[in-house]
Amino acid sequence: MTRRILPLGDHALLVELDDLDAVLGLFRGLDATRPEGVVDLVPAARTIAVLVEPRILPLSSARSWVERAAPLDVDATHDRLVELEVAYDGEDLAEAARLTGRTPAELVAFHTGSTWRVAFGGFAPGFAYLATDRPLDVPRRDTPRTAVPPGSVGLAGAFSGVYPRSSPGGWQLIGRTDAVLWDETADPPALLRPGTVVRFREAP
């Protein structure tokens with residue numbers, strides 16, 4: 001695994017990795033061994049930002065820790081589980097199924113039968129990119145919507161996601177949930193945080 005560590009201002013490092021699988025493994029390894037002075041770990045598709053308080057953990061020490069950290073497999077962790085109940089009546093369900101060579105029922109079975117994991121946060125507070133070990137490749141809509149209703153469950157590329165609030169978006173919408181994804185009064189405010197395991201259940 002290639003691991004390139006770059007400075008990111010005076011309070012952070014940026015770790016560049018080969019792919020999302022490498023990000024997920026190293027994120028779990030870092031999160032399990034984080035020393036005092038690490039303020040946050042922010043994964044993305046191919047990077048992890050390591051935010052530190054230099055008065056407690058100098059950047060040189062943080063760099064040494066990142067260099068030594070070993071990735072952790074899913075089986076070696078005990079990640080938090082969130083179950084989301086979904087009504088699979090999305091406007092794009094039939095089209096998303098067609099694009100993946102499935103019937104709508106088969107696509108719902110794939111979605112509920114897969115174990116999803118929060119890979120990284122997205123474009124809005126509370127939005128999480130969910131990855132699975134058997135991804136589809138679902139094209140985004142040719143014309144994005146100007147407003148996607150909150151709670152909409154979608155597919156795009158290899159990811160699934162849930163819109164925490166109304167916003168523009170081009171994901172294929174396959175259902176909806178009443179779960180609250182972002183609550184500013186909660187600690188932490190995001191329901192779905194990196195590393196969280198997510199399972200979808202079809203609403204009766």
Side-chain angles (χ1 to χ4, degrees), residues 1-84 111 113-137 155-162 164 171 179 181-184 186-200:
M1 177 181 69
T2 304
R3 189 180 307 184
R4 187 180 180 207
I5 304 172
L6 304 171
L8 189 63
D10 297 329
H11 292 73
L13 299 170
L14 186 68
V15 187
E16 294 185 342
L17 298 156
D18 294 334
D19 52 32
L20 182 59
D21 287 340
V23 168
L24 292 174
L26 183 59
F27 173 80
R28 287 191 291 270
L30 293 172
D31 194 42
T33 62
R34 66 164 76 188
E36 185 179 2
V38 174
V39 177
D40 203 1
L41 300 170
V42 184
R46 293 189 178 180
T47 61
I48 302 174
V50 180
L51 283 63
V52 304
E53 174 46 70
R55 291 173 296 181
I56 300 173
L57 183 69
L59 283 177
S60 58
S61 299
R63 183 184 184 95
S64 296
W65 166 62
V66 172
E67 289 172 342
R68 295 192 307 268
L72 284 183
D73 295 332
V74 172
D75 293 341
T77 61
H78 301 280
D79 294 323
R80 174 171 167 268
L81 171 65
V82 172
E83 293 189 344
L84 299 178
H111 200 248
S114 299
T115 297
W116 300 87
R117 185 177 300 274
V118 179
F120 52 91
F123 59 88
F127 188 92
Y129 284 78
L130 307 177
T132 181
D133 60 0
R134 50 178 194 142
L136 297 174
D137 185 9
L155 296 170
F159 299 101
S160 186
V162 184
W171 289 43
L181 281 296
W182 180 260
D183 180 0
E184 293 182 358
D187 183 21
L191 176 65
L192 304 181
R193 305 189 299 277
T196 299
V197 174
V198 179
R199 293 199 180 104
F200 294 98

message: Could you check whether any side-chain heavy atom of Val82 comes within less than 4.5 Å of a side-chain heavy atom of Val197, counting everything from C-beta outward?
response: no
Partners passing salt bridge (Lys or Arg N to Asp or Glu O under 4.0 Å) against Arg134 (at least two apart in sequence or in another chain): none
task: Decide yes or no on side chain to side chain contact (heavy atoms under 4.5 Å, CB included) for Thr47 and Val15, but give the supporting numbers first.
output: CA-CA 5 Å; Thr47 61; Val15 187; over 6 Å; no
- prompt: Short question: side chain of Thr132, backbone of Trp116 - any donor-acceptor pair under 3.5 Å?
  reply: no
query: With sequence neighbours excluded, what pairs up with Glu83 under the salt bridge (Lys or Arg N to Asp or Glu O under 4.0 Å) test?
result: Arg201
- prompt: Would Leu51 and His11 count as a side chain to side chain contact (heavy atoms under 4.5 Å, CB included) if you check the C-alpha gap in whole Å, the side-chain angles of each, and the deciding distance to 0.1 Å?
  reply: CA-CA 6 Å; Leu51 283 63; His11 292 73; over 6 Å; no
message: Quick one: does any side-chain atom of Arg117 pair with a main-chain N or O of Gly195 as donor and acceptor, under 3.5 Å?
response: yes
message: Please report the interatomic distance CG(Leu6) to CG(Leu14), rounded to the nearest 0.5 Å.
response: 6.0 Å
query: Where is the tightest heavy-atom contact between Leu59 and Gly9, given as atom of each residue plus distance?
result: CD1-O, 4.1 Å
- prompt: So among Leu13, Asp40, Leu57, which one has a side chain to side chain contact (heavy atoms under 4.5 Å, CB included) with Val52?
  reply: Leu57
query: Hey, what do you get for CG (Leu130) to OG (Ser114), rounding to the nearest 0.5 Å?
result: 11.0 Å
field: Those residues that, when tested against Glu67, pass salt bridge (Lys or Arg N to Asp or Glu O under 4.0 Å) (two or more places apart)
entry: Arg63
query: At what distance, to the nearest 0.5 angstrom, does CG of Asp19 lie from CZ of Arg46?
result: 7.0 Å
message: If I take atom CG from residue Leu191 and atom CG from residue Asp183, how far apart are they, to the nearest 0.5 angstrom?
response: 10.0 Å
- request: List in chain and number order the residues that pass side chain to side chain donor-acceptor pair (under 3.5 Å) with Thr33, two or more places apart in sequence or in another chain; answer none if no residue qualifies.
  value: Trp65
statement: Closest heavy-atom pair, Gly126 versus Pro164, reported as atoms and distance to 0.1 Å, is C-CG, 3.9 Å
statement: Heavy atoms of Val23 and Ala44 approach each other most closely as CG1-O, 3.4 Å
task: Applying side-chain contact (heavy atoms from CB on, under 4.5 Å), name anything that partners Asp10, two or more places apart in sequence or on another chain.
output: none
- request: Looking only at non-hydrogen atoms, find the nearest pair between Phe127 and Gly161 and report the distance.
  value: CZ-CA, 4.2 Å
query: Closest heavy-atom contact between Arg3 and Pro71?
result: NH2-CD, 4.0 Å
Set of salt bridge (Lys or Arg N to Asp or Glu O under 4.0 Å) partners for Arg68, sequence neighbours left out: none
query: So how far is it from Glu16 CD to Ile48 CD1, rounded to the nearest 0.5 Å?
result: 11.5 Å
task: Quick one: closest heavy-atom pair of Leu192 and Ala128, and the distance?
output: CB-CB, 3.9 Å
- request: Give, for atom CZ of Phe27 and atom CZ of Phe120, the distance between the pair rounded to the nearest 0.5 Å.
  value: 12.5 Å
